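What you are looking at is a predicted structure, and each value in this text was computed from that prediction instead of being measured. In what follows, chains are A, B, ... by sequence order, proteins preceding strands, each numbered from 1.
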Protein chains: 2
Amino acid sequence: MATIADVAKRAGLSRATVSRVLNNHPNVTEDKKRLVREAMEWLNYVPNSTAQRLRNQKTDTIAILVPVLTNPFFAYLLEAMDMVATKNQLQLLICQTRYSKQKELDFLELLRTKQVDGLILTSYENEWKQIEPFSAFGPMVLCNEYERHTKVPIIRMNQFEASYIGTRHLIEQGHKRIACTCGDKSNLAKDRQAGYRKAMADQGLLVEEEWMFSNVFDIEDGKRVLRTILNLREAPTAVFTGSDQVAAGMIMAAKALGKKVPDDIAVIGFDDQPIAKVVEPSLTTIRQPIEELGKTAMEVLIDLIAYKKDTKHQEILLPYDLVIRDSTMSKLKSISI
Amino acid sequence: MATIADVAKRAGLSRATVSRVLNNHPNVTEDKKRLVREAMEWLNYVPNSTAQRLRNQKTDTIAILVPVLTNPFFAYLLEAMDMVATKNQLQLLICQTRYSKQKELDFLELLRTKQVDGLILTSYENEWKQIEPFSAFGPMVLCNEYERHTKVPIIRMNQFEASYIGTRHLIEQGHKRIACTCGDKSNLAKDRQAGYRKAMADQGLLVEEEWMFSNVFDIEDGKRVLRTILNLREAPTAVFTGSDQVAAGMIMAAKALGKKVPDDIAVIGFDDQPIAKVVEPSLTTIRQPIEELGKTAMEVLIDLIAYKKDTKHQEILLPYDLVIRDSTMSKLKSISI
DNA sequence: TCCTACGTTGTAATCGATTTCAGAAAACGG
DNA sequence: CCGTTTTCTGAAATCGATTACAACGTAGGA
């Protein structure tokens with residue numbers, strides 16, 4: 001592999017001059033430029049980027065921490081981030097934590113060991129006080145998650161409000177007994193639960209604790225939980241889920257049990273993923289502005305890297321949408337309207 | 001940021017000794033080891049990995065080229081590769097080509113500029129003769145794609161056979177007019193088409209060129225193409241698709257037009273993605289061994305990197321499965337059996 | 001006691017680039 | 001034609017690690 005020294009020798013010039021040509025320094029005569037170019041071509045020279053990184057003290061690489069790639073929500077989020085990164089000549093190091101605290105910490109080390117110029121966290125497993133210290137080692141942004149007392153910039157949707165609206169929609173369809181499957185311990189999930197609870201309380205509806213479910217993520221979880229719900233004494237007539245995957249699983253399980261959606265049991269999803277339109281009945285869901293989330297998070301991070309200014313706290317809230325389809329609106333009713 | 005020199009100074013030792021402790025060299029006394037460890041702790045020292053990369057001439061990073069992350073097939077493939085990579089302390093640089101020839105070439109440069117130790121190609125856009133030369137710059141593996149005359153190792157499924165079996169299944173259900181939507185110009189697609197054609201020919205069935213469709217990838221494409229198919233004079237009664245996404249789109253469009261699947265039009269998918277079980281009727285499909293593909297490709301690449309031996313050509317063929325569900329088997333028929 | 005062998009440590013070269021600084025050459029003004 | 005400024009180029013330091021080699025000290029054998 002040819003190095004800059006080889007090019008210099010062949011061109012009969014110094015390494016410094018070659019480097020100048022490489023970086024378009026103004027003060028090099030056309031003559032020497034040509035010599036250098038010819039030598040580079042002849043030797044098939046390509047600068048070694050590791051050496052450049054060491055010398056320039058930057059990597060042009062951003063780490064993105066996601067739980068899993070196979071969750072479409074994160075795939076689309078990454079897609080949006082990638083668009084912006086590419087435009088800015090940045091590489092993405094995609095890090096799957098698989099919901100492991102240890103892996104998360106390992107990946108955060110990337111910032112400390114200067115393997116990346118910045119980092120985006122799209123969810124986290126550890127306590128925030130374990131994570132925050134890493135933000136001292138390099139720019140960091142929180143996307144789709146949040147933390148109240150921190151200087152790390154946050155880009156997210158108002159989960160509380162969105163959940164409130166979603167739950168209220170179910171109530172407006174006449175449901176009084178509504179289950180909720182969005183609760184794990186993340187702040188995001190807590191917000192969703194809080195939104196759900198407030199909507200219920202505002203309409204004077206009681207929430208039974210046996211209607212609340214945690215750790216419900218995918219299609220199989222959805223099937224399992226729906227069967228549990230239908231077996232409850234005085235079973236709920238609607239479910240506010242935290243994910244389209246879960247809602248889709250519920251619809252499948254309901255049909256398998258001979259129950260009609262939404263007449264026997266109504267279901268609302270979250271995200272508006274492609275699957276929402278594929279299931280039958282199609283899913284009423286809360287659209288998240290995924291592209292906006294990813295795009296904005298990346299832009300904020302790039303700003304942070306460029307200006308190296310002390311992170312002044314900022315929180316960007318993006319808008320949601322309630323998308324009403326068939327899994328909450330009885331066809332009979334909608335015709336009668 | 002503390003460097004190895006700072007540690008050395010604080011420990012009252014040389015950089016060499018610190019480095020030896022870092023790399024568990026045997027010949028360092030416990031005494032000095034302790035001194036070094038204390039200094040490292042005190043200074044919060046972490047080795048700069050860029051410097052290590054430069055010195056050691058390796059990056060411990062693998063590039064994976066995929067068209068898009070949002071296609072679940074590739075998400076699952078990456079998931080499998082990530083498992084093996086993580087186990088081997090390797091980082092993955094995930095590169096989305098978005099079906100762009102230029103981007104593909106840009107990413108291949110990673111190998112030439114020594115930014116990665118190896119590269120896996122999961123599909124490609126350029127001519128193979130554009131791509132092959134890059135394999136001279138570093139280890140490269142082809143996964144889920146193939147090329148006849150090359151020394152680059154190949155890990156794939158027999159698309160020809162799988163498509164033959166899939167098409168034959170449709171024929172066995174009594175279909176004689178079968179459309180095919182798997183044709184673009186990749187070798188993979190050509191194989192699928194060839195398998196389809198052979199199955200048809202073996203049963204003495206004719207293939208009309210207007211039944212063949214190219215560039216059909218996602219749900220929307222599926223909807224669009226199905227409408228076209230149903231508008232043909234003497235419309236086909238079955239479709240052999242190249243993807244579960246497409247097949248799912250077709251089922252939705254068929255239902256919207258009041259057609260029954262599989263009685264009016266039967267559909268077979270490809271991949272056995274989660275969506276295959278979600279749609280109604282559920283999809284008959286050809287299961288690809290995604291985990292095996294990803295895992296094996298990564299293992300072969302790691303071997304290649306470790307032994308630096310000249311790539312002896314190898315081609316690994318993994319098995320497929322025909323998964324029969326409702327989109328090809330009329331309920332009436334299956335009951336009557 | 002002297003010589004060899006081995007274990008331990010440090011010095012300095014190295015990986016492949018960029019950049020400061022200083023000197024040479026060219027341009028310019030009077 | 002000389003002094004000053006500007007433009008161009010190269011030598012050498014630098015980024016932060018690893019490692020070949022040399023040097024030193026100590027233990028063991030004769």
Notebook entry, point to check: Would you say the side-chain atoms of A/Thr296 pair up with the backbone N or O of A/Leu293, donor to acceptor, closer than 3.5 Å?
Noted result: no
Margin query: Looking at B/Asp6 and B/Thr3, would you say the former's side chain and the latter's main chain have a donor-acceptor pair under 3.5 Å?
Written below: yes
If the cut-off is 4.0 Å, is [X] near the phosphate of [N], judged by side-chain N/O to OP1 or OP2?
| X | N | answer |
| --- | --- | --- |
| B/Gln52 | C/dC15 | no |
| A/Lys32 | D/dC8 | no |
| B/Gln57 | C/dG16 | yes |
| B/Thr29 | C/dT9 | yes |

In whole angstrom, what separates [X]'s [atom1] from [N]'s [atom2]?
| X | N | atom1 | atom2 | answer |
| --- | --- | --- | --- | --- |
| A/Ile4 | D/dG10 | CD1 | P | 12 Å |
| A/Glu30 | D/dT7 | CD | P | 15 Å |
| B/Asn48 | D/dT18 | CG | P | 10 Å |
| B/Leu35 | C/dG10 | CG | P | 10 Å |
| A/Asp6 | C/dC15 | CG | P | 10 Å |
| A/Leu13 | D/dC8 | CG | C1' | 11 Å |
| B/Lys33 | C/dG7 | NZ | C1' | 13 Å |
| A/Leu54 | C/dT14 | CG | P | 17 Å |

Next item on the list: Compare all side-chain heavy atoms of B/Leu142 with those of B/Tyr124 and state whether any distance is below 4.5 angstrom.
Entry: yes
Can you tell whether the side chains of [X] and [Y] come within less than 4.0 Å, N to carboxylate O?
| X | Y | answer |
| --- | --- | --- |
| A/Arg53 | A/Asp60 | no |
| A/Glu30 | A/Arg37 | no |
| A/Glu109 | A/Arg112 | yes |

Note to self: Could you check whether B/Phe217 and B/Tyr99 have their ring centres less than 6.0 Å apart?
What the structure shows: yes
Notebook entry, point to check: NZ of A/Lys33: more than 12 outside heavy atoms within 6.0 angstrom?
Noted result: yes
Next item on the list: State whether the number of non-hydrogen atoms from other residues, nucleotides or ligands found under 6.0 Å of A/Lys103 atom NZ is greater than 12.
Entry: yes
Candidate nucleotides [options], ranked by approach to the side chain of [X] - the nearest:
| X | options | result |
| --- | --- | --- |
| A/Ser14 | C/dG10, C/dA17, D/dG10 | D/dG10 |
| A/Thr17 | C/dA17, C/dA13, D/dT9 | D/dT9 |
| B/Arg15 | C/dG16, C/dA13, C/dG10 | C/dA13 |
| B/Asn56 | C/dC15, D/dT19, C/dG10 | D/dT19 |
| A/Ala16 | D/dA11, C/dT18, C/dT8 | D/dA11 |

Next item on the list: Mind grabbing the angle between the end helix axes of the helix from C/dT1-D/dA30 to C/dG30-D/dC1? Five pairs an end, 10° rounding.
Entry: 50°
Margin query: Tell me which one of A/Glu292, A/Glu147, A/Glu315, A/Glu145 satisfies salt bridge (Lys or Arg N to Asp or Glu O under 4.0 Å) with A/Arg156.
Written below: A/Glu315
Note to self: If you assign B/Ala51 and B/Gly12 each to the DNA chain C nucleotide with the nearest heavy atom, which residue ends up on the more 5' nucleotide?
What the structure shows: B/Gly12
Check: Looking at residues 18-28 of chain A, who's got a heavy atom less than 4.0 Å off DNA chain C?
Finding: A/Ser19, A/Arg20, A/Leu22, A/Asn23
